[in-house]
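Inspection log for the structure reproduced underneath, given as structure tokens.
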Amino acid sequence: MQPPSFANRFEFFESIDSTNAELRRRYLAAPAEWPDFSVIAAGEQTAGRGRLERGWISEPGTSLALSVLLRPSKDALPWLSLTAGLAVAAAIRELAPGAALSIKWPNDVLLGAKKLSGVLAEIIAADAVVLGIGINLRPQLNAPETATALSEHGIELEFGELASMLLATLRSRYLQLDTAAGRVALRQELRQQLGTLGQRVRAELPDGSAIEGLASDLDDQGRLIILSPEPRVLAAGDVWHLRN
Ligand code: BT5
């Protein structure tokens with residue numbers, strides 16, 4: 001496929017184990033050859049990865065999988081996953097206005113009530129992060145019940161057009177993260193699009209404990225505030241939206 005103009009370096013694989021794993025290997029072998037906003041994309045991942053050693057299904061011809069090399073500032077770092085979610089939603093809306101997208105803290109984009117896209121941000125060196133994004137274009141044989149795809153909602157997009165638009169929307173928001181004013185604006189945008197806010201949620205913390213309560217706000221570092229009923233601040237973990 002044509003390299004998208006928004007990537008500073010771009011490599012496409014028909015099939016690979018994981019675009020995050022490949023970018024990490026290639027970067028660590030020759031860091032100087034991988035500028036900020038280098039991209040590795042693939043038509044299929046045989047060992048796609050989610051968070052916490054979970055898997056990510058990307059069967060041939062059904063999904064967009066790409067990883068971007070970033071060197072974020074310390075202030076930008078906590079915002080990367082949520083910013084990627086915003087960029088995914090913005091890219092799809094550009095190409096398919098009116099799509100019923102929402103962002104679920106900390107790293108999902110939902111279409112309707114199901115998961116369309118996931119983000120995996122991994123720190124691979126003192127100054128480098130690999131930001132991996134998966135988006136389902138068409139249904140997959142082995143995807144979980146909780147997954148959905150654009151075509152299931154009548155949205156037919158091709159890999160190349162979505163990849164180009166995604167890199168454009170991601171790049172502009174990534175640049176916004178460099179300034180305090182930009183981060184304030186992103187936080188505002190996220191507060192409007194974060195379907196998690198205002199919901200009763202159950203959150204599982206990285207240490208295995210759980211809390212339930214009302215997801216009330218996003219703090220100034222992208223953490224989720226849950227009223228349980230006393231405020232608890234969640235920096236990482238999994239969240240389920242509960243039905244009242
Ligand atoms: C994620 O993890 O959602 C992060 C997914 C990141 C995928 C991208 S693709 C490009 C790059 N290269 C990689 O190897 N990874 C990144 P998490 O929140 O832990 O969610 C994982 C869970 O989502 C799984 O345990 C399944 O339940 C579910 N899942 C797996 N494949 C899915 C799919 N295609 N669509 C929706 N849900 C899926």
Side-chain angles (χ1 to χ4, degrees), residues 4 7 10-27 38-70 80-85 87-89 91-92 101-124 128-153 155 157 159 162-163 166-167 170 194-196 201-206 224 234-241:
F10 184 82
E11 296 208 11
F12 176 79
F13 294 81
E14 284 299 336
S15 178
I16 199 154
D17 55 349
S18 150
T19 57
N20 266 34
E22 176 70 3
L23 186 50
R24 177 178 199 278
R25 289 189 290 260
R26 302 279 298 274
Y27 173 83
S38 293
V39 176
I40 287 187
E44 174 194 16
Q45 293 184 117
T46 54
R49 289 163 40 205
R51 292 174 304 144
L52 308 169
E53 307 301 316
R54 292 186 288 232
W56 180 260
I57 309 285
S58 21
E59 295 168 0
T62 62
S63 68
L64 175 74
L66 59 75
S67 300
V68 186
L69 186 89
L70 300 171
L80 285 186
S81 292
L82 287 166
T83 300
V88 168
I92 295 169
L101 298 160
S102 63
I103 297 171
K104 175 169 174 277
W105 192 92
N107 71 322
D108 295 350
V109 178
L110 308 182
L111 180 55
K114 292 189 166 187
K115 180 159 170 168
L116 175 74
S117 170
V119 175
L120 176 64
E122 297 182 289
I123 298 173
I124 59 162
V129 171
V130 167
L131 182 69
I133 301 174
I135 306 176
N136 301 322
L137 300 173
R138 287 175 270 280
Q140 315 194 61
L141 287 177
N142 296 303
E145 263 296 292
T146 49
T148 190
L150 288 171
S151 70
E152 290 182 307
H153 294 253
I155 302 170
L157 297 180
F159 190 109
L162 184 53
L166 173 61
L167 292 171
L170 181 64
L194 203 58
T196 311
V201 296
R202 174 183 165 81
E204 280 188 8
L205 313 184
L224 188 66
L234 206 62
D238 282 311
V239 163
W240 282 266
H241 296 174

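Everything numeric in this text was worked out from a predicted model, so none of it was measured. One-based numbering, in listed order, for ligands and for the atoms of each. Sequence positions, counted from 1, serve as the residue numbers for this chain.
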Seminar exercise, completed: For Thr19, the atoms of ligand 1 under 4.0 Å from one of its heavy atoms are 10 (C), 11 (C), 12 (N)
Exercise. In terms of residue, atom name and distance, what is the protein heavy atom nearest to atom 31 (N) of ligand 1?
Worked result: Ile57 N, 3.0 Å
Exercise. Identify the closest protein heavy atom to atom 1 (C) of ligand 1: which residue and atom is it, and at what distance?
Worked result: Asn107 ND2, 3.5 Å
Problem set entry | From CA spacing to verdict: side chain to side chain contact (heavy atoms under 4.5 Å, CB included), Leu69, Ile124 | CA-CA 10 Å; Leu69 186 89; Ile124 59 162; 4.0 Å; yes
Exercise. If every non-hydrogen atom of Pro139 is compared with every non-hydrogen atom of Glu152, which pair is closest and at what distance?
Worked result: CG-CG, 3.8 Å
For this session: Return the minimal non-hydrogen interatomic distance between Ile135 and Ser117, and the atom names on each side.
Result: CG1-OG, 3.8 Å
Exercise. Below 3.5 angstrom, do we get any N/O pair linking Ser18 and ligand 1?
Worked result: yes
For this session: Just need the protein heavy atom nearest to atom 35 (N) of ligand 1, so name the residue and atom and give the distance.
Result: Asn136 ND2, 2.8 Å
Exercise. For ligand 1, is any non-hydrogen atom under 4.0 Å from Leu66's backbone (N, CA, C, O), its side chain (CB onward), both, or neither?
Worked result: backbone
Problem set entry | Nearest-option assignment for atom 3 (O) of ligand 1, heavy atoms, candidates Lys115, Glu59, Glu53 | Lys115
Exercise. Shortest non-hydrogen contact from Leu150 to Ile92?
Worked result: CD2-CG2, 4.0 Å
For this session: Please confirm whether Gly132 comes within less than 3.5 Å of ligand 1 when only nitrogen or oxygen atoms on both sides are compared.
Result: no
Exercise. Does any N or O atom in Arg49 lie less than 3.5 angstrom from one in ligand 1, N or O only?
Worked result: yes
Problem set entry | Asn107 versus Ser81, closest heavy-atom pair with distance | CB-CB, 4.3 Å
Exercise. Atoms of ligand 1 less than 4.0 Å from Gln140 heavy atoms?
Worked result: 34 (N)
Problem set entry | Contacting atoms of ligand 1, where contact means under 4.0 angstrom from a heavy atom of Asn20 | 11 (C), 12 (N), 16 (C)
Exercise. Can you list the ligand 1 atoms lying under 4.0 Å from a non-hydrogen atom of Gly48?
Worked result: 14 (O)
Problem set entry | Leu116 contact mode with ligand 1 (heavy-atom cut-off under 4.0 Å) | neither
For this session: Examine distances only and state if a side-chain atom of Lys114 and a backbone atom of Glu145 form a donor-acceptor pair shorter than 3.5 Å.
Result: yes
For this session: State, with a plain yes or no, whether a side-chain heavy atom of Arg54 is found less than 4.5 Å away from one of Asp238.
Result: yes
Problem set entry | Residue Arg24 excluded, over 12 heavy atoms near CZ under 6.0 Å | no
Exercise. Looking at side-chain heavy atoms only, is the closest gap between Trp105 and Leu234 below 4.5 Å?
Worked result: yes
Exercise. Which residue owns the protein heavy atom closest to atom 12 (N) of ligand 1, what's the atom, and how far is it?
Worked result: Gln45 OE1, 2.9 Å
Exercise. Which residue from Pro144, Ala149, Gly50, Ala147 reaches closest to atom 28 (C) of ligand 1 through any of its heavy atoms?
Worked result: Pro144
For this session: With heavy atoms under 4.0 Å as the rule, classify the contact between Val119 and ligand 1 as side chain, backbone, both or neither.
Result: backbone
For this session: Output the list of atoms in ligand 1 that are nearer than 4.0 Å to some heavy atom of Ser67, sorted by atom number.
Result: 11 (C)
Exercise. Does Ile123 CD1 have over 12 foreign heavy atoms under 6.0 Å away?
Worked result: no
Problem set entry | Closest non-hydrogen atom pair between Leu157 and Arg138, with its separation | O-NH1, 4.0 Å
For this session: Report, in ascending order of atom number, the atoms of ligand 1 lying under 4.0 Å from any heavy atom of Ile133.
Result: 8 (C), 9 (S), 10 (C)
Exercise. For atom 38 (C) of ligand 1, what is the nearest protein heavy atom, given as residue, atom name and distance?
Worked result: Trp56 CZ3, 3.4 Å
For this session: State, to 0.1 Å, how close Ala41 and Thr19 come at their nearest heavy-atom pair, and which atoms those are.
Result: C-CG2, 3.9 Å
Seminar exercise, completed: atom 25 (O) of ligand 1 has as its nearest protein heavy atom Arg54 CD, 3.5 Å
Problem set entry | Nearest protein heavy atom with distance in Å, relative to atom 22 (C) of ligand 1 | Gly55 O, 4.1 Å
Exercise. Judged by atom type as modelled, is there a donor-acceptor pair below 3.5 Å linking the side chain of Glu22 to the main-chain atoms of Ile16?
Worked result: no
